[in-house]
Protein chains: 2
Amino acid sequence: MTTADTIERTLSRRGYRLTSPRRTVLDTMRGLGNHFTAEEVQHASPEVGRATVFRTMKLMRELGVICQVVLDDGTAVYQLADEDRADHHHHVICTECGRVTEFASDGLEGELERVADETGFEIDTHRLELYGRCASCNS
Amino acid sequence: MTTADTIERTLSRRGYRLTSPRRTVLDTMRGLGNHFTAEEVQHASPEVGRATVFRTMKLMRELGVICQVVLDDGTAVYQLADEDRADHHHHVICTECGRVTEFASDGLEGELERVADETGFEIDTHRLELYGRCASCNS
DNA sequence: GAACGCCTTGATACTACGTATCGATACCCA
DNA sequence: TGGGTATCGATACGTAGTATCAAGGCGTTC
């Protein structure tokens, strides 16, 4: 999980400030645990204006501090990014409890190449999401 | 692309009817080409009620006639499914023109097994979306 | 410390996307 | 002919997120 110091440095490098509302939203997201919706963040930080909650979440997404996970039904859930996986990663989502776990994808390059060949596309990025049941929901 | 006859059979097998509004929505989607949003379908079939447009699109999604594609920014786009790929497939999306192409994934099982091992999840389904530039946008 | 400029904020309105409700119709089958 | 179910459109509602805008905060420079 990215520390406040790291985030503050990233922000100021881009000309942004770590203000009190932003800090509140960040702390709220930390307090919400593994995954959370925009609505939950709003409800859990009532002292921050709705627009500011969304603005902050958008900003954090751009900075890679949180990442968006699209559930099977198309709704969006968010998650604090692991600091050591801030780069490129994917998600396994428990369809029972909603738990989200990250993983790095290394074995995908071959598949991407094959699809590029087959379709004529030049592939830039990809998104892979797995759905299933986590260890504790499974037992 | 699935024919009206095939769709009608699928519907009636499930106790549904291929009514005139449904046919209109289907034709509209065909007319919109490779990919379309819910809004485009609505605007292009003004004689059909808004609720019916959504209901029909939901039904067609359940029947596998159309499939939902989540774009990089989280918005949803829809596409008529290839008849021969109605089962399980993924999408390559051109970030320039929006063109969506389907492909079947065969080389993913190993990766899925590895992630299951690593995370303790039991994987049921997955969603893979590739983003890039299609052949014509690339030239 | 005054002035300036930019970042930020909260309130509000707005849009997109989709679902729930409901009374009215249409169709099928006995 | 009559009942039952599927379907319809209108409308209201809910959620997620963006746009606008006036007001406030903070740093820099003079």
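Sequence lines set the chain letters: A, B, ... in the order given, protein chains first and strands last, and positions in each chain run from 1.
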Reference residue H90(B); test side chain to side chain donor-acceptor pair (under 3.5 Å); the match among E129(B), H126(B), R127(B):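 Of all the options given, the one that passes is H126(B).
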
Tell me what [X] touches on the nucleic acid: a base, only sugar-phosphate, or nothing, going by heavy atoms under 4.0 Å.
X	result
E40(B)	nothing
Q42(A)	nothing
A38(B)	sugar-phosphate

[atom1] of [X] versus [atom2] of [N]: gap in Å, rounded?
X	N	atom1	atom2	answer
K58(A)	dA16(D)	NZ	P	17 Å
M60(B)	dG18(C)	CE	C1'	17 Å
F36(A)	dT15(D)	CZ	P	19 Å
Y16(A)	dG27(D)	OH	C1'	17 Å
L18(B)	dC28(C)	CG	P	12 Å
R61(A)	dT18(D)	CZ	C1'	12 Å
R22(A)	dC7(C)	CZ	P	10 Å
L26(A)	dT8(C)	CG	P	13 Å

R17(A) side-chain proximity, nearest of dA10(D), dT8(C), dC8(D): dT8(C)

Selection from dG9(D), dG17(D), dT9(C) that lies nearest to any side-chain heavy atom of P21(A): dT9(C)

Q68(B) backbone acceptor or donor facing R61(B) side chain under 3.5 Å: no

L32(B) vs Y78(B), side chain to side chain contact (heavy atoms under 4.5 Å, CB included): CA-CA, chis, key distance, verdict: CA-CA 10 Å; L32(B) 285 171; Y78(B) 299 87; over 6 Å; no

Distance-only donor-acceptor test (3.5 Å): side chain R50(A), base dG17(D): yes

Pair of N/O donor and acceptor under 3.5 Å linking dG17(D) base with R55(A) side chain: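 Answer is no: no donor-acceptor pair is held.
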
Electrostatic pair D117(A):R114(A) at N-O distance under 4.0 angstrom: no

N or O in side chain of T37(B) less than 4.0 angstrom from dC17(C) OP1/OP2: no

dT8(C) phosphate, OP1 or OP2, under 4.0 Å from T19(A) side-chain N/O: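 Checking T19(A) against dT8(C): no side-chain N or O falls below 4.0 Å of OP1 or OP2.
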
